[in-house]
Peer 1: 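Please see the structure below; I have some questions.
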Amino acid sequence: MDEPIFKLPEIIDNENGWGPSPAMLPEKFRDIPYAPYSKADKLGRIADWSAPEQKEKETAGRTRASYRYRDQYTAYGYGASSAFTYTHAEDEASFSVVDNRSAAQKKASYRTTGGTKSRPGTRNSQRQQRNGQYQRLGVTSRGNTGNKTSAVNVRRRFGWKDYDKPQRARDASVNVGPEWQVLEEIEFNRLSKLNLDVDEGEDISSHGFLYYYDKSYDRVNTKTEKPLLPNERVRYFITTSKDPIIEQLAKDDEATVFATDTILSLLMCAPRSVYPWDIVINRTGNKLYFDKRSNDYVSVNENAADPPIETGDKDNINSPIALSMEATIINHCFAMQVVNESEKYEFEKPNPFASSDDLEFMTPCAHRYRRFDLGISEEEDVRLIVRTQLDSVVKTSTGDSLITIKALNEFDPRSQGAGGALDWRQKLDTQRGAVVATEMKNNSCKLARWAVQSILAGADQMKLGYVSRANPKDNRRHAILGTQYYKPRDFAAQMNMSVSNGWGIVRTVIDLCMKLPEGRYVLLKDPNKPVVRLYSVPPNTFEIEFPLLDEGDELEEEDEEVIETR
């Protein structure tokens, strides 16, 4: 018996890839793309001719996710090749079904704003019923017809395309003259990368006197609030180049760079700033003087996501300028109210900015002139003298501690520019941490500057007060809701404020100015960008603000800027 003969089928290998070999395909099929098929692929429907009632029955048991994509049918070869894929995703809203049956109206339930039903027959229910009839007739609150949705009930996503809001274009703190020349432009992200470790400063001299802190204000809370009292005393603003003590220290060659704590803190916290500012730098010989043209006012919600904006209304008490003036006056009055004038702490030298006759009308404060060595090596002579300010003294178990006194203010938590602040009268006693965290977010630059000023002054503690308006619509009457102590370095660390980064910024600006010839320069923060620019200006720029003092000249009262709070 012969054995059956088994022939293997002819196998044609495709050397160029997967699929049938092009040589074996008929000529009419060669241009058709190949789509692989597997059992895992979906088989969809090209067209759906079922009735709407049947479609509702079919989709009744589907999940929410599958129901959303019920109109996307796929054809043969889904997921493998797009050549044979057919997708049907047209909007069925363009089709209409002819139906003569009247749609059943839903029964309207009339509710008040509090969420409770109104009893039939009451005045509130009748008003709700009339409003419901108007909306069903298509009448909106604006008097237009044909729209079933009331214009009052139109909801918008917060912060999404707020084109109707005023633009936040700010003006520069000083007008740039045509003869000003840009020498350097530094972005804030570059400043944030600088770092310089500086040792603790040494005291050169101390002037003035302080009053002791009244500890009864530590027991103030929202239930036992105290009104903030106005104060008739004045505070003199003396810039660096007008300071007679700094002038004498420069003659004695005690340092090469001179500044005040307000100017230096602004420079060290520059990457956090949003509002425009400027610093005047005078290069005289081998010495630098950092000056401010005017007093440094306290900002409010500078770093908030939705900060206060200028609307052009002069009577707007929540504008940036009005809030800044209000915060400055609050800080001045609060620092005077929380001290006990019956106890005095005297320093070794008197106040250099007032005579004995003026002490009765001036705000009591002490000035400490401290020196810091910014040299990287021993050969470098970069010594900086800073005039710092202290506000009070507090008695502790270890002795007297020098403190600085600052005040946070609440204006209107529901107004524009509040930055999502909590209501202090409801949350300050129970959720103080949340209140402080919100203030650190909305006033990052201001709080960081206060911490740096306390560190520069060598203060042991920083006293922080919480002051709120007695009435949100009145910016003249305020109440003290509480106080709190902080250690300056711990407070700076809590805000993620690096003092070493601040010293690195100061050293960088000093190196830039030391390479320039003698003259006057302006460091200007761009009003709308995180950029600072160094300008070279003519020597007579700001001549009224900074007159050149010859040896033996004395300060005149008209050259001093006085801030008087009443």
Peer 1: So does L534 get a backbone contact from the side chain of E184, meaning a donor-acceptor N/O pair under 3.5 Å?
Peer 2: no

Peer 1: Say you draw a straight line from OG of S468 to CD of E225; how long is it, rounded to the nearest 0.5 Å?
Peer 2: 8.0 Å

Peer 1: I would like to know whether F353 and H207 meet ring pair (Phe, Tyr, Trp, His ring centres under 6.0 Å); could you show each step before the answer?
Peer 2: CA-CA 10 Å; F353 309 124; H207 304 259; 8.4 Å; no

Peer 1: If you count the non-hydrogen atoms of other residues, nucleotides and ligands that lie under 6.0 Å from NZ in K287, is the total more than 12?
Peer 2: yes

Peer 1: Consider only side-chain N and O atoms of Y213 and D218, and report whether a donor and an acceptor are under 3.5 Å apart.
Peer 2: yes

Peer 1: Less than 6.0 Å separating the ring centroids of F347 and Y345?
Peer 2: yes

Peer 1: Got a sec: does the CG of N175 have more than 12 other heavy atoms crowding it under 6.0 Å?
Peer 2: no

Peer 1: So does N303 get a backbone contact from the side chain of N442, meaning a donor-acceptor N/O pair under 3.5 Å?
Peer 2: no

Peer 1: Do the non-hydrogen side-chain atoms of D400 and Y212 ever get within less than 4.5 Å of each other?
Peer 2: yes

Peer 1: Can you check whether Y535 reaches L183 side chain to side chain, under 4.5 Å on heavy atoms?
Peer 2: no

Peer 1: Quick one: side chain to side chain contact (heavy atoms under 4.5 Å, CB included) partners of K473, sequence neighbours excluded?
Peer 2: D412, N471

Peer 1: Less than 4.5 Å apart, side chain to side chain, heavy atoms only: is that true for R383 and V257?
Peer 2: no

Peer 1: What do you reckon, is NZ of K529 surrounded by more than 12 foreign heavy atoms closer than 6.0 Å?
Peer 2: no

Peer 1: Do N286 and T256 have side-chain atoms, one donor and one acceptor, less than 3.5 Å apart?
Peer 2: no

Peer 1: So, R293 and D278, do they make that salt bridge, N to O below 4.0 Å?
Peer 2: yes

Peer 1: Do you know which of R371, K349, R370 makes salt bridge (charged side-chain N to carboxylate O under 4.0 Å, His left out) with D203?
Peer 2: R370

Peer 1: Just wondering, are more than 12 heavy atoms of other shown residues or ligands nearer than 6.0 Å to CG in N496?
Peer 2: no

Peer 1: Please examine the side chains of M497 and F491, heavy atoms only from C-beta on, and report whether any two atoms are closer than 4.5 Å.
Peer 2: no

Peer 1: Under a 3.5 Å distance rule, please check whether N409 uses its side chain to pair with a backbone N or O of V467 as donor and acceptor.
Peer 2: no

Peer 1: Does atom CD1 of I321 have more than 12 heavy-atom neighbours, drawn from other residues, nucleotides or ligands, at distances under 6.0 Å?
Peer 2: no

Peer 1: Would you indicate whether the side-chain heavy atoms of R272 and M495 approach each other to under 4.5 Å?
Peer 2: yes

Peer 1: Verify, without hydrogens or angle tests, whether E302 (side chain) and Y275 (backbone) share a donor-acceptor contact under 3.5 angstrom.
Peer 2: yes

Peer 1: Would you please test L264 and V452 for side chain to side chain contact (heavy atoms under 4.5 Å, CB included) and show each step?
Peer 2: CA-CA 9 Å; L264 207 61; V452 169; over 6 Å; no

Peer 1: Tell me if a side-chain donor or acceptor on H478 pairs with a main-chain N or O of L229 at a distance below 3.5 Å.
Peer 2: no

Peer 1: Hey, which of L464, L390, D261 is the one that makes side chain to side chain contact (heavy atoms under 4.5 Å, CB included) with T404?
Peer 2: L390

Peer 1: Quick one: does V394's side chain get under 4.5 Å of Y485's, heavy atoms only?
Peer 2: yes

Peer 1: Nearest 0.5 Å, what's the NZ-OG1 distance between K215 and T483?
Peer 2: 12.0 Å

Peer 1: Verify whether one side chain among T260 and T262 offers a donor that lies under 3.5 Å from an acceptor in the other.
Peer 2: yes

Peer 1: Between K251 and I246 (side chain of the first, backbone of the second, donor and acceptor by atom type, cut-off under 3.5 Å), is there such a pair?
Peer 2: no

Peer 1: Give me the atom names and distance for the closest heavy-atom approach of N528 to D526.
Peer 2: N-OD1, 2.9 Å

Peer 1: Once ring pair (Phe, Tyr, Trp, His ring centres under 6.0 Å) is applied, do any residues pair with F372, and if so which ones, sequence neighbours excluded?
Peer 2: W503

Peer 1: Decide side chain to side chain contact (heavy atoms under 4.5 Å, CB included) for L481 and R425; before the verdict, give the C-alpha distance in whole Å, the side-chain angles of both, and the deciding distance to 0.1 Å.
Peer 2: CA-CA 8 Å; L481 304 182; R425 284 181 169 82; 4.0 Å; yes

Peer 1: So, for D373 and V198, which heavy atoms are closest and what is the spacing to 0.1 Å?
Peer 2: O-CG1, 3.7 Å

Peer 1: Has the side chain of D252 got a donor or acceptor atom that lies under 3.5 Å from a matching backbone atom of E254?
Peer 2: no

Peer 1: Assess, by modelled atom type and distance only, whether the side chains of Q453 and S265 contain a donor and an acceptor separated by less than 3.5 Å.
Peer 2: yes

Peer 1: Nearest 0.5 angstrom please: T430 OG1 to K427 NZ, how far?
Peer 2: 6.0 Å

Peer 1: Taking the side chain as every heavy atom from C-beta outward, state whether Y466 and L428 have any atom pair closer than 4.5 Å.
Peer 2: yes

Peer 1: Can R449 and D296 be counted as an ion pair, charged N to O under 4.0 angstrom?
Peer 2: yes

Peer 1: Ignoring hydrogens and geometry, is there a side-chain-to-backbone donor-acceptor pair from T240 to F258 under 3.5 Å?
Peer 2: no

Peer 1: Do M514 and R283 have side chains that approach each other closer than 4.5 Å (heavy atoms only, starting at C-beta)?
Peer 2: yes

Peer 1: Could you pull out all residues at least two apart from F334 that satisfy ring pair (Phe, Tyr, Trp, His ring centres under 6.0 Å)?
Peer 2: none

Peer 1: Could you tell me whether the side chain of S324 and the main chain of P320 form a donor-acceptor pair under 3.5 Å?
Peer 2: no

Peer 1: Just by distance, do the side chain of D391 and the backbone of A335 share a donor-acceptor pair under 3.5 Å?
Peer 2: no

Peer 1: Less than 3.5 Å apart, any donor N or O on the side chain of S454 or W450 sitting next to an acceptor on the other?
Peer 2: no

